[in-house]
J.: 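Before I ask anything, here is the structure I am working with.
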Amino acid sequence: MEAVYTQGIWMAESLQQKTSNHRNLWLTITLFGDPKAAFLLVFPFTYFISRPTGVKVLWVAAISEWLNLVFKWMLFGERPFWWIGESHLFDNKQPNVQQFPSTCETGPGSPSGHAMVTAAIWWVIVSTLGSFLYSRTHRTSEIFILAHFPHQVVAGSIAGVILGIVLSRRVPGGRSLVFLSVGLLLGTLILHNGLQRLGLNLSWSIPLAKKWCSHAEWIRLDTAPFSALTRDCGALLGLGLAQRWKPGGWPLSRAPKALSLAISSMGLYHINRLPLPVQPQGLFYGLFFLKFVIVPLLVVVLVPGLIHLFTHRKKE
């Protein structure tokens with residue numbers, strides 16, 4: 001793997017130098033390709049265009065990100081920004097590469113979660129709406145910001161497309177989603193504890209990220225593997241509760257849907273910006289979980305319900 005990693009570093013250097021004028025574009029693409037964006041941006045947008053597609057997007061995003069976490073625990077993939085220093089292969093000739101605020105993720109690098117989740121949800125959208133531009137551009141941006149090696153992005157993209165095809169065929173009902181959320185949370189905790197008892201240090205990547213990140217403030221708890229787990233389980237629980245509360249969704253015409261999308265987007269923006277205490281970490285993860293339980297409830301039930309109530313009374 002050493003040769004593969006080395007070639008990946010030189011590829012990142014070449015990409016950064018040759019496309020430096022497009023830096024803001026790559027950073028924007030990376031931001032929109034963050035798995036979190038699938039829950040906060042892509043889900044509400046697709047839901048109010050096509051309700052079944054929106055539900056599939058959230059379902060596929062949650063399961064693919066959860067599987068990505070499990071794969072990362074198993075594969076122990078390095079990240080470029082810390083491997084440069086840890087390998088000592090570049091002591092005589094340091095690559096001319098930069099780090100960015102999105103570079104310093106604390107989890108293992110293989111496969112790329114950005115590429116895997118993005119490819120999975122955009123397969124759902126491609127098959128429904130016929131758009132494919134985004135999934136092509138995002139892959140390069142992950143190499144540009146030094147968050148992943150090229151082979152990790154390719155592996156994540158391939159795995160994401162396969163998951164998108166498989167998972168989009170059937171979305172569980174409300175009760176199944178509730179039980180699945182609890183099952184995934186407990187199952188992952190059991191798996192984590194079991195792997196640790198076997199002597200595997202699943203937190204090995206966090207000290208490396210802290211050591212080699214050029215800006216300490218770029219290390220955030222919401223990039224840790226357990227944050228992904230709580231986000232996925234919270235979103236599935238919220239979607240399950242929403243499906244049980246209002247299985248068919250609220251009947252809205254085009255204008256009320258547009259208004260619901262606007263209000264939901266504003267609500268999710270402020271929910272995402274809510275500061276959470278990072279200590280104790282158990283409290284952070286608990287609140288992070290609740291934050292993403294609220295996301296589908298807000299989009300599927302609360303905002304459309306209020307808009308439906310208002311427009312229905314106005315007609316009467």
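We count residues from 1, following the sequence as given.
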J.: Within a strict 4.5 Å, meaning less than it, do heavy atoms of the Ser227 and Phe284 side chains meet?
T.: yes
J.: Looking at Phe100, is its backbone amide N or carbonyl O close enough to the side chain of Thr103 to form a donor-acceptor pair, meaning the two atoms are under 3.5 Å apart?
T.: yes
J.: Any sub-3.5 Å donor-acceptor pair from Arg51's side-chain atoms to Val300's backbone N or O?
T.: no
J.: Hey, is CD on Glu2 packed in by over 12 heavy atoms from elsewhere, all under 6.0 Å?
T.: no
J.: If I take atom OG1 from residue Thr223 and atom CG from residue Leu221, how far apart are they, to the nearest 0.5 angstrom?
T.: 7.5 Å
J.: Do Arg170 and Trp59 make a side-chain contact, defined as non-hydrogen atoms from C-beta onward lying under 4.5 Å apart?
T.: no
J.: Same cluster or not: are Val70 and Ile162 linked, directly or through other Ile, Leu, Val, Met, Phe, Trp or Tyr residues, by side-chain heavy atoms under 4.5 angstrom apart?
T.: no
J.: So, Lys36 and Asp34, do they make that salt bridge, N to O below 4.0 Å?
T.: no
J.: Measure the shortest side-chain to side-chain distance between Leu237 and Leu177 over non-hydrogen atoms and say whether it is less than 4.5 angstrom.
T.: no
J.: Under a 4.5 Å side-chain heavy-atom rule over Ile, Leu, Val, Met, Phe, Trp and Tyr, are Met266 and Val301 clustered together?
T.: yes
J.: Can you tell me if CH2 on Trp123 sees more than 12 non-hydrogen neighbours from other groups inside 6.0 Å?
T.: no
J.: Determine whether a donor-acceptor pair (N or O, by modelled atom type, separation under 3.5 Å) exists between the side chain of Ser265 and the backbone of Leu261.
T.: yes
J.: Would you mind reporting whether Thr6 and Trp83 have side-chain heavy atoms less than 4.5 Å apart?
T.: yes
J.: Quick one, Leu184 and Asp232 - any side-chain contact, counting heavy atoms below 4.5 Å?
T.: no
J.: Are the side chain of Gln152 and the backbone N or O of Ser112 linked by a donor-acceptor pair below 3.5 Å?
T.: no
J.: Is Asn68 reaching over with its side chain to a backbone N or O of Pro111, donor-acceptor style, under 3.5 angstrom?
T.: yes
J.: Atom CZ in Arg220, atom CD in Glu217: separation rounded to 0.5 Å?
T.: 11.0 Å
J.: Mind checking whether Trp73 and Leu200 have side chains closer than 4.5 Å, heavy atoms only?
T.: no
J.: Regarding Thr188 and Trp66, do their side chains bring together a donor and an acceptor under 3.5 Å, going by distance alone?
T.: yes
J.: Counting distance only, does the side-chain N/O of Gln94 pair as donor-acceptor with the main-chain N or O of Phe90 below 3.5 Å?
T.: yes
J.: Can you confirm whether Tyr269 is buried at OH, in the sense that more than 12 heavy atoms of other residues, nucleotides or ligands lie under 6.0 Å from that atom?
T.: no
J.: Tell me whether the count of non-hydrogen atoms from other residues, nucleotides or ligands lying under 6.0 Å of CH2 in Trp10 goes above 12.
T.: yes
J.: Taking the six-membered ring for Trp, is the centroid-to-centroid distance between Tyr285 and Phe289 below 6.0 Å?
T.: no
J.: Report yes if the side chains of Ile9 and Phe149 come closer than 4.5 Å at any heavy-atom pair, otherwise no.
T.: yes
J.: Would a single hydrophobic cluster contain both Val117 and Ile158, if residues Ile, Leu, Val, Met, Phe, Trp and Tyr are joined by side-chain heavy-atom contacts under 4.5 Å?
T.: no
J.: Answer with yes or no whether the hydrophobic clustering places Leu186 together with Leu67; edges join I, L, V, M, F, W, Y residues whose side-chain heavy atoms lie under 4.5 Å apart.
T.: no
J.: Whether the side chain of Gln99 engages the backbone of Cys104 through a donor-acceptor N/O pair (distance < 3.5 Å, no angle test) should be reported.
T.: no
